[in-house]
Amino acid sequence: MDTIRGGASDWDVSRPFSSYLRTLATLIVHPARFFEVLPRVPDPRAPGLFLVFCGLPSAVVWFLFGGFVPALVALVAPVPISLALAILYHLGSIGGRYGYVVTWRVVSYPLGYGLPLAAVPVARWVALVYFGVLLMSLGLSKVREIPAWRGVLVSFLVAALIFGAYRGLGG
């Protein structure tokens, strides 16, 4: 039974720090396994609390590399950013299994780990490719059960949109 403590690959709210590191290790070492066991339930509690928790390390890193205002944005923005990105990924994977909340669950974990790296000048592009293209394409194909080529295409297009928006803002 999936609870707020999370499923097999969900973040566990009762052990935030060790669960954060365990989930990160699983995403890096065996991402296919992570998405295979990711619960397909429309319960937003575990990934939502995970994103709130991820705002803390994101804020620290953004403060070090960008200052106070970017750190404040990094503290409060993970949930709204994830909701907006999930809309794009969900639209791109129309016809796949499960609804928007499950797509948002797929987006939440890579985004939570990618946001702190986005503050570091060179690491932001590595994070965009790894978390935004590779992990998201794998997550969409495993969880939404769409063809792998389509997951790659959707993830690449969303990453290109993010890159274009960043460049358009003067980044």
Side-chain angles (χ1 to χ4, degrees), residues 1-41 43-62 64-65 74 78-79 81-82 85-86 88-90 92-93 96-98 101-160 162-163:
M1 173 146 197
D2 187 39
T3 67
I4 195 164
R5 293 186 65 158
S9 69
D10 256 341
W11 179 70
D12 187 348
V13 71
S14 69
R15 302 171 325 187
F17 296 104
S18 64
S19 182
Y20 179 85
L21 294 174
R22 178 187 51 82
T23 305
L24 175 62
T26 305
L27 264 176
I28 291 172
V29 174
H30 206 309
R33 171 87 175 122
F34 176 85
F35 289 113
E36 286 170 358
V37 298
L38 187 70
R40 273 86 163 149
V41 295
D43 184 356
R45 294 177 297 175
L49 290 171
F50 170 77
L51 286 170
V52 169
F53 180 82
C54 286
L56 300 173
S58 295
V60 170
V61 176
W62 277 95
L64 294 173
F65 285 92
V79 173
I81 289 171
S82 70
L85 286 175
L88 297 174
Y89 286 113
H90 190 71
S93 62
R97 291 191 65 189
Y98 307 106
V101 178
V102 174
T103 304
W104 175 70
R105 186 179 280 262
V106 171
V107 171
S108 297
Y109 293 100
L111 178 69
Y113 291 116
L115 282 176
L117 293 174
V120 183
V122 174
R124 73 176 46 122
W125 305 117
V126 174
L128 181 63
V129 170
Y130 184 73
F131 292 105
V133 177
L134 296 176
L135 285 183
M136 285 308 305
S137 61
L138 182 62
L140 289 174
S141 64
K142 292 280 184 192
V143 176
R144 295 276 306 188
E145 299 177 12
I146 62 173
W149 68 266
R150 191 164 157 214
V152 171
L153 178 64
V154 170
S155 299
F156 179 79
L157 291 174
V158 171
I162 292 168
F163 176 75

Residues in side chain to side chain donor-acceptor pair (under 3.5 Å) with [X], at least two apart?
X: W104; answer: S82
X: S93; answer: R144
X: S141; answer: none
X: R124; answer: Y166

List the atom of [X], the atom of [Y], and the distance in Å for their closest heavy-atom pair.
X: A119; Y: V61; result: CB-CG1, 3.7 Å
X: F34; Y: T23; result: CE1-CG2, 3.5 Å
X: P121; Y: F65; result: CD-CD2, 3.9 Å
X: L128; Y: F163; result: CD2-CB, 4.3 Å
X: F53; Y: P57; result: O-CD, 3.1 Å
X: K142; Y: R40; result: O-NH2, 3.2 Å

With a 3.5 Å cut-off and sequence neighbours excluded, list the donor-acceptor pairs that the side chains of residues 150-157 form with protein atoms.
unit_1 : atom_1 : unit_2 : atom_2 : d
R150   : NE     : G92    : O      : 3.3
R150   : NH1    : I94    : O      : 3.3
R150   : NH2    : G92    : O      : 3.2
R150   : NH2    : I94    : O      : 2.4
S155   : OG     : S137   : N      : 3.0
S155   : OG     : G151   : O      : 2.8

[X]: partners by side-chain contact (heavy atoms from CB on, under 4.5 Å), with sequence neighbours left out:
X: P110; answer: F35, F131, L135, M136
X: A123; answer: L117, V120
X: L88; answer: L85, V158, L161
X: V126; answer: none

TODO: Before giving the answer on side-chain contact (heavy atoms from CB on, under 4.5 Å), spell out for Y89 and V106 the whole-Å C-alpha distance, their side-chain angles and the decisive distance to 0.1 Å.
DONE: CA-CA 9 Å; Y89 286 113; V106 171; over 6 Å; no
Task: From CD1 (I81) to OG (S108), nearest 0.5 Å - done: 12.0 Å
Open item on the list: Once rounded to the nearest 0.5 Å, what's the spacing between atom CZ of R33 and atom CG of L38?
Closed with: 11.5 Å
Open item on the list: Any side-chain to backbone donor/acceptor pair from R105 onto D43? Under 3.5 Å, distance only.
Closed with: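 It does hold such a pair.
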- [ ] Name all residues meeting the ring pair (Phe, Tyr, Trp, His ring centres under 6.0 Å) criterion together with Y113; count only those two or more places apart in sequence or in a different chain, and write none if there are none.
- [x]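 Y113 satisfies ring pair (Phe, Tyr, Trp, His ring centres under 6.0 Å) with Y20, F50 only.
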